[in-house]
Amino acid sequence: MTAPAQYSVPASVPNPEQEAGPGSPLTRWLLEHKVHQPMGPEVAEAGAHQQPWWKVMCLTGVDYFSTLSYLPGIAALAAGALSPLATLLIVALTLLGMLPMYRRVAQESPHGQGSVAMLEKLLPFWRGKLFVLILLGFVATSWIITITLSAADATVHMLENPYLPPFLEGQAVLITVVLLLILGGVFLLGFSEAVAVAIPLVGVFLLLNAIIIGTGIYDAVTQPGALSDWTAALTSYGGVGSIAGPAILAFPLLVLGLSGFETGVSMMPLVAASGATPKEMLQNRIRNTRKLLTTAAVIMSVYLIGSSFVTTVLIPAEAFQEGGEANGRALAYLAHERLGNGFGSVYDVSSILILWFAGASAMAGLINIVPRYLPSYGMAPDWTRAVRPVVLVYTAISILITIGFKADVNAQAGAYATGILAMMVSGALAVSISAARQKRQRAAVGFSVLTLILLYALAANVIEKPDGLAISGFFILGIVVISLVSRISRTTELRVHRIEFDDTARRFVTDTLEFDGRINLIANRVQDGDAAEYAAKEAEQRGMNPVPGTADVMFLEIDVTDPSAFSDVLEVRGVEVDGHRVLRAKSPAAPNAIAATLLALRDGTGVIPHAYFEWAEGNPLAHLMRYLLLGRGDTAPVVREIIRENETDPERRPRIHVG
């Protein structure tokens with residue numbers, strides 16, 4: 001057996017970037033726990049505690065099913081006696097539109113990336129990045145309002161409970177703020193979503209709702225005048241067209257009952273699956289996730305129809321108005337009225353717990369969404385990978401929104417629906433484009449119709465509740481501004497996770513060290529790539545730069561791929577062109593890749609390399625913009641600055657020569 005070749009540089013060199021450790025104890029505590037962006041689906045799933053699909057459904061259900069606490073009241077307030085009909089439209093949209101759509105999303109993003117990642121792939125370069133930033137603004141709106149709305153509704157259940165201490169009456173904003181502070185405090189101490197907590201919460205909550213709805217249906221049928229009063233209210237609208245119109249106009253606000261689909265897809269890595277091969281396991285995970293989505297949709301559809309019917313038939317219309325006893329808590333109102341204050345209090349406690357846990361689920365989603373996208377774009381400061389600072393920011397924003405909306409559930413419904421609908425429109429659009437590219441015409445037409453329906457719902461919701469778009473716009477503007485500032489401030493980072501050299505590149509480095517103990521690299525932007533180009537470039541550099549006449553030289557070339565990307569593994573490969581040795585790599589930015597290669601060669605060989613450049617022609621400001629947007633510019637000074645930022649000792653810095 002032939003012994004492996006001995007090379008002067010290792011095959012892989014870790015990121016040479018020097019990270020300064022945090023100074024004060026407070027800073028160390030704040031930055032202690034970080035969310036690391038996975039380098040691939042396998043990494044994400046390897047660390048996940050996988051569970052049977054029905055258990056993961058319960059974790060999804062704390063967000064999805066908890067909307068039963070407030071959705072019937074919002075439906076009755078929006079549609080009046082037509083609430084059950086508007087709810088039927090939501091159920092039809094759920095089973096015939098959203099469920100098939102997200103089953104397709106699960107198929108095409110089986111590692112939990114969701115519809116945002118699907119669209120990111122469809123739109124390359126800066127267009128895709130900016131589109132994702134806008135979508136993240138809507139996602140942030142949806143999840144922030146999930147936190148504030150759920151906490152506000154938990155407060156409503158507390159305030160309407162007959163056993164509430166008198167001194168808490170009328171303190172809705174204060175109680176909600178305290179709940180948000182407790183939620184933030186739990187995450188500061190260290191919170192982990194636990195399926196074990198979600199299962200009993202969801203199980204008990206669904207059981208109590210089933211008892212209330214079952215009792216309500218019995219009372220609606222047996223109580224004299226209940227059904228007749230409702231049907232009389234329906235007939236007062238006139239014909240079928242007169243009934244359908246208001247129901248269609250009211251249903252956009254009811255999309256709060258569709259909030260669990262994107263969450264269900266994002267939790268795919270938690271779904272356990274068996275199989276003899278990774279491919280078989282992946283297919284089984286997709287199959288199990290589809291079971292999760294279908295079961296959750298069917299359960300929610302049944303509960304939506306039942307809850308809307310009993311609350312509309314049995315609760316007086318004035319009780320749904322602001323200040324009414326059923327406002328924001330229609331099923332709790334029935335629980336106290338029909339089953340007594342004891343049962344009603346048990347239901348209140350169950351509602352408060354599941355609503356609080358829904359806020360916790362949303363907070364966990366917010367904490368993880370920044371590392372999933374922004375750091376890979378270079379559009380988030382490094383501290384946003386730390387859990388505690390991000391929790392403080394989100395908690396502060398939630399408190400400000402709660403104070404602004406005065407902890408009013410109905411007032412926040414429009415903003416919540418705006419965020420959810422924007423995500424769903426993006427998902428429907430992604431699935432429509434995917435189906436069209438796969439030449440699945442019927443599916444493409446169906447999903448296109450679904451996209452139009454969701455666009456109508458989004459437009460109607462924005463017209464009716466423009467504050468939702470305003471809040472989303474605030475988040476979008478904040479994300480875009482912070483992202484661009486961060487991108488500019490991080491220009492001098494090396495932008496690599498590690499540097500890998502192939503055997504040919506390692507042999508080139510070994511040969512040049514054996515020749516004269518030095519590493520001399522001529523930076524070249526490849527044109528024709530033939531022997532004449534390299535001969536001319538070498539002669540030019542030997543004439544303008546202090547390259548010793550007998551020195552051995554290699555060429556270093558960086559192919560800029562997607563300049564809108566930020567970091568990746570830098571793979572350096574060796575190529576020989578008629579005796580000229582070339583080190584080539586692909587990177588989003590040429591100066592950063594050159595600096596990383598030079599530092600890696602220094603660390604891997606112990607020899608300080610010399611790199612030779614020529615000055616670029618043109619305006620320096622124009623070069624700066626070209627570098628920020630296209631990954632190229634006046635390379636030499638940027639390389640030198642990146643090296644200076646990452647190596648404090650001037651004696652250890654690779655030498656940069658410019659002629």
Side-chain angles (χ1 to χ4, degrees), residues 1-19 39 493-526 534 537-538 541 545 547-548 550-561 567-613 635-636 639-640 642-657:
M1 181 179 294
T2 304
Q6 298 298 315
Y7 296 119
S8 301
V9 63
S12 180
V13 178
N15 183 356
E17 204 157 9
Q18 295 184 354
E19 295 186 5
M39 294 304 299
E493 292 184 11
L494 294 181
R495 303 192 188 185
V496 293
H497 300 294
R498 65 182 182 276
I499 301 94
E500 296 182 349
F501 297 91
D502 71 359
D503 286 346
T504 305
R506 297 169 70 195
R507 177 167 56 83
F508 288 171
V509 174
T510 302
D511 291 345
T512 197
L513 285 173
E514 289 177 350
F515 181 80
D516 56 10
R518 295 165 54 93
I519 300 177
N520 293 293
L521 293 165
I522 296 175
N524 181 51
R525 184 175 180 180
V526 65
Y534 294 108
K537 187 75 174 181
E538 181 177 347
Q541 284 296 321
N545 274 315
V547 184
T550 59
D552 186 49
V553 297
M554 296 183 294
F555 293 88
L556 178 58
E557 298 174 346
I558 306 298
D559 179 19
V560 176
T561 51
S567 59
D568 206 344
V569 175
L570 187 66
E571 298 178 349
V572 181
R573 58 190 180 90
V575 179
E576 188 167 355
V577 181
D578 288 341
H580 300 280
R581 291 163 299 168
V582 185
L583 301 182
R584 286 179 180 168
K586 295 181 179 180
S587 173
N592 308 73
I594 293 173
T597 303
L598 295 175
L599 289 169
L601 288 171
R602 180 205 65 183
D603 293 343
T605 65
V607 176
I608 295 178
H610 291 246
Y612 301 91
F613 299 83
T635 304
V639 171
R640 197 268 177 186
I642 294 171
I643 291 175
R644 190 190 68 82
E645 287 281 345
N646 289 279
E647 178 50 68
T648 57
D649 184 359
E651 296 299 321
R652 285 181 44 79
R653 292 173 186 162
R655 308 298 191 248
I656 304 299
H657 307 273

Working note: Val13 + Phe501, criterion side-chain contact (heavy atoms from CB on, under 4.5 Å); need CA distance, chi angles, decisive distance, verdict. CA-CA 8 Å; Val13 178; Phe501 297 91; 4.0 Å; yes

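- Closest non-hydrogen pair, Val560 versus Ala590, comes out as CG2-N, 4.0 Å.
- Side chain of Asp502 to backbone of Gly574: a donor-acceptor contact under 3.5 angstrom is found.
- Across all non-hydrogen atoms, the minimal contact from Val607 to Gly517 is CG1-O, 3.8 Å.
- Residues His657 and Gln541 form no side-chain contact, since every pair of their non-hydrogen atoms from C-beta on lies 4.5 Å or further apart.
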Would Asp603 and Arg652 satisfy salt bridge (Lys or Arg N to Asp or Glu O under 4.0 Å), going step by step from the backbone distance to the final call? CA-CA 10 Å; Asp603 293 343; Arg652 285 181 44 79; 3.7 Å; yes

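- Every residue two or more places apart in sequence or in another chain that forms a side-chain hydrogen bond (donor to acceptor under 3.5 Å, both in side chains) with Arg584 is listed here: Tyr534, Glu557.
- The nearest pair of heavy atoms linking Ile608 to Pro654 is CG2-CA, 3.6 Å.
- Arg573 places no side-chain N or O within donor-acceptor distance of the main-chain N or O of Glu571, the cut-off being under 3.5 Å.
- Here the shortest heavy-atom pairing between Glu647 and Asp649 reads OE2-N, 2.9 Å.
- Using a 4.5 Å heavy-atom threshold, the side chains of Arg602 and Pro609 count as touching.
- The shortest distance between side-chain heavy atoms of Glu514 and Asp511 falls below 4.5 Å.
- In this structure the side chain of Ile522 reaches within 4.5 angstrom of the side chain of Lys537, judged on heavy atoms.
- Note that CG of Leu598 and CD1 of Ile656 are 5.5 Å apart. Values are rounded to the nearest 0.5 Å.
- Tested against Leu521, the residues Val509, Leu583, Val553 include a single side-chain contact (heavy atoms from CB on, under 4.5 Å) partner, Leu583.
- In this structure, Ile499 and Ser12 have side chains that are not in contact, with every pair of non-hydrogen atoms separated by 4.5 Å or more.
- Between Asn592 and Ser587 the shortest side-chain heavy-atom distance does not fall below 4.5 Å.
- Looking at Arg581, its side chain never comes within 3.5 Å of a backbone N or O of Met554 through a donor-acceptor pair.
- Thr504 OG1 to Arg506 CZ: the interatomic distance, rounded to the nearest 0.5 Å, is 10.5 Å.
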Report the C-alpha separation of Phe555 and Val577 in whole Å, then their side-chain angles, then the decisive distance to 0.1 Å, and conclude whether the side-chain contact (heavy atoms from CB on, under 4.5 Å) test is met. CA-CA 11 Å; Phe555 293 88; Val577 181; over 6 Å; no

Ile519 and Thr605: side-chain contact (heavy atoms from CB on, under 4.5 Å), yes or no, with the steps? CA-CA 10 Å; Ile519 300 177; Thr605 65; 3.7 Å; yes

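- Under the 3.5 Å distance criterion, the side-chain polar atoms of Thr512 are left unmatched by any main-chain donor or acceptor of Phe508.
- A salt bridge links Glu500 with Arg498: the closest approach of a Lys/Arg side-chain nitrogen to an acidic carboxylate oxygen falls below 4.0 angstrom.
- In terms of heavy atoms, Ala593 sits closest to Leu570 at O-CD2, 3.6 Å.
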